[in-house]
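Let me begin by presenting the structure, written as structure tokens, before commenting on it.
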Amino acid sequence: MSVAMNRQRKVTTHVLSEMKHNNEKIAMLTAYDYSMAKIVDQAGLDVILVGDSASNVMAGWETTLPITLDQMIYHGASVVRAVNRALVVVDLPFGTYQGNSKEALTSAIRIMKETAADAVKIEGGEEIIESVKRILSAGIPVMGHLGLTPQSIHKFGTYTVRAKQEEEANKLIEDARLLQEAGCFGIVLEKIPAKLATQVAQELTIPIIGIGAGNGVDGQVLVIHDMLGINQEFSPRFLRRYHNLYAEMTGAVQNYIQDVKSVDFPSEREQY
Ligand code: KIV
């Protein structure tokens, strides 16, 4: 199949599995709205994550905890309406799956019905495995998320690198195995030592996507506001900035203000 044809093919969980087995890296970014999703999908991105990081970058909250299921559904549906090719994964927000597996299933069903997304993502390992199994039993694809799990920030107390000590590293490996055995189609590993992430990616057969987890995994994910340089306040070591959109947009807005005030805009050609 030609590269051009391949780029047209809708990405499914099966395609991601093939990519891992063909040693083709998976490119994933977040998006939360129609316009951004259209750009990243048409650019050829493999996976769009409608992350609960929307709580930070869209709503201005300090943590991901405040965002609600209704708000995630709003973002998810906006993204899905723009997308032709990428696999769309929507985060289950804090408080919608930890309590019991029945509630987890109800939340996941709402996301699938009301957004038409392809899958959900859920943070945690053994402690939420019943929820993962119940969601999977309804035929909903689930992506896991281990390492730094921002919904547990009040338990961790800091956003520093996780699983540096042997005990936590062993638990993470065990959790990753459990998620795979339960039937997850992939796992995000956030902010853990590269060596540990590589070990998990080599041991597991499902795709492992890293964020701050080195290059020995099967793919990478970043928050789009961070990699485009829209968000200036967040500069962890793992982040590569591909643009300084904050400066570009500030310049464009300043030019507009100047043109309005000097009556340069609108010109003769820009009026009826
Ligand atoms: O919500 C999010 O953006 C995420 C990524 C950081 C993986 O979960």
Side-chain angles (χ1 to χ4, degrees), residues 16 25-33 36-37 40 45-69 71-76 78-79 86-98 107-108 111 115 117-125 128 132 142-153 156 159-163 172 175-176 179 184-192 197 200-201 206-214 217-228 230-231 233-241:
L16 296 184
K25 298 285 184 188
I26 297 163
M28 171 164 160
L29 284 171
T30 64
Y32 318 97
D33 67 342
M36 198 71 98
V40 297
L45 192 76
D46 301 310
V47 184
I48 298 178
L49 172 64
V50 185
D52 59 358
S53 50
S55 179
N56 310 111
V57 297
M58 300 300 287
W61 290 107
E62 207 160 297
T63 73
T64 58
L65 275 68
I67 200 159
T68 66
L69 187 57
Q71 288 164 342
M72 288 304 299
I73 287 170
Y74 170 80
H75 288 298
S78 306
V79 165
L87 181 96
V88 180
V89 182
V90 178
D91 263 339
L92 276 175
F94 176 69
T96 64
Y97 61 91
Q98 292 93 343
S107 306
I111 287 182
T115 71
D118 301 303
V120 297
K121 178 165 80 58
I122 176 165
E123 293 184 7
I128 49 103
V132 169
V142 177
M143 181 169 232
H145 184 157
L146 298 171
L148 177 64
T149 46
Q151 291 178 17
S152 305
I153 188 58
F156 298 145
Y159 285 100
T160 53
V161 180
R162 305 302 312 171
L172 185 140
D175 281 342
L179 291 171
C184 286
F185 71 89
I187 301 174
V188 168
L189 293 182
E190 181 165 354
K191 224 171 172 185
I192 63 166
V200 174
I206 56 173
I208 304 299
I209 311 295
I211 172 164
V217 289
D218 306 305
Q220 301 292 329
V221 58
L222 287 175
V223 169
I224 193 148
H225 289 63
D226 300 336
M227 62 83 77
L228 290 179
I230 297 173
N231 179 9
E233 294 139 28
F234 185 65
S235 301
R237 170 171 163 173
F238 68 74
L239 174 63
R240 184 177 292 182
R241 280 222 170 84

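Every number for a ligand or one of its atoms is a count from 1 in the order of the listing.
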Distance from I206 atom CD1 to M143 atom CE, nearest 0.5 Å? 8.5 Å

ring-ring contact (aromatic ring centres under 6.0 Å, His included) partners for H145, two or more places apart: none

Distance flag, aromatic centroids of Y32 and H225, threshold under 6.0 Å: yes

Could you state the interatomic distance from OG1 (T96) to CD1 (I67), rounded to the nearest 0.5 Å? 11.0 Å

For A213, check side chain to side chain contact (heavy atoms under 4.5 Å, CB included) against everything at least two apart and list the hits. L189, I192, A197

What are the polar N/O contacts of ligand 1 with the protein below 3.5 Å, with distances?
| from | atom 1 | to | atom 2 | distance (Å) |
| --- | --- | --- | --- | --- |
| ligand 1 | 1 (O) | D52 | N | 3.2 |
| ligand 1 | 1 (O) | D52 | OD1 | 3.0 |
| ligand 1 | 1 (O) | S53 | N | 3.1 |
| ligand 1 | 1 (O) | S53 | OG | 3.3 |
| ligand 1 | 1 (O) | D91 | OD2 | 3.2 |
| ligand 1 | 3 (O) | S53 | OG | 2.5 |
| ligand 1 | 8 (O) | K121 | NZ | 2.9 |

Side chain to side chain contact (heavy atoms under 4.5 Å, CB included) involving S78 - partner list, sequence neighbours excluded: Y74, R81

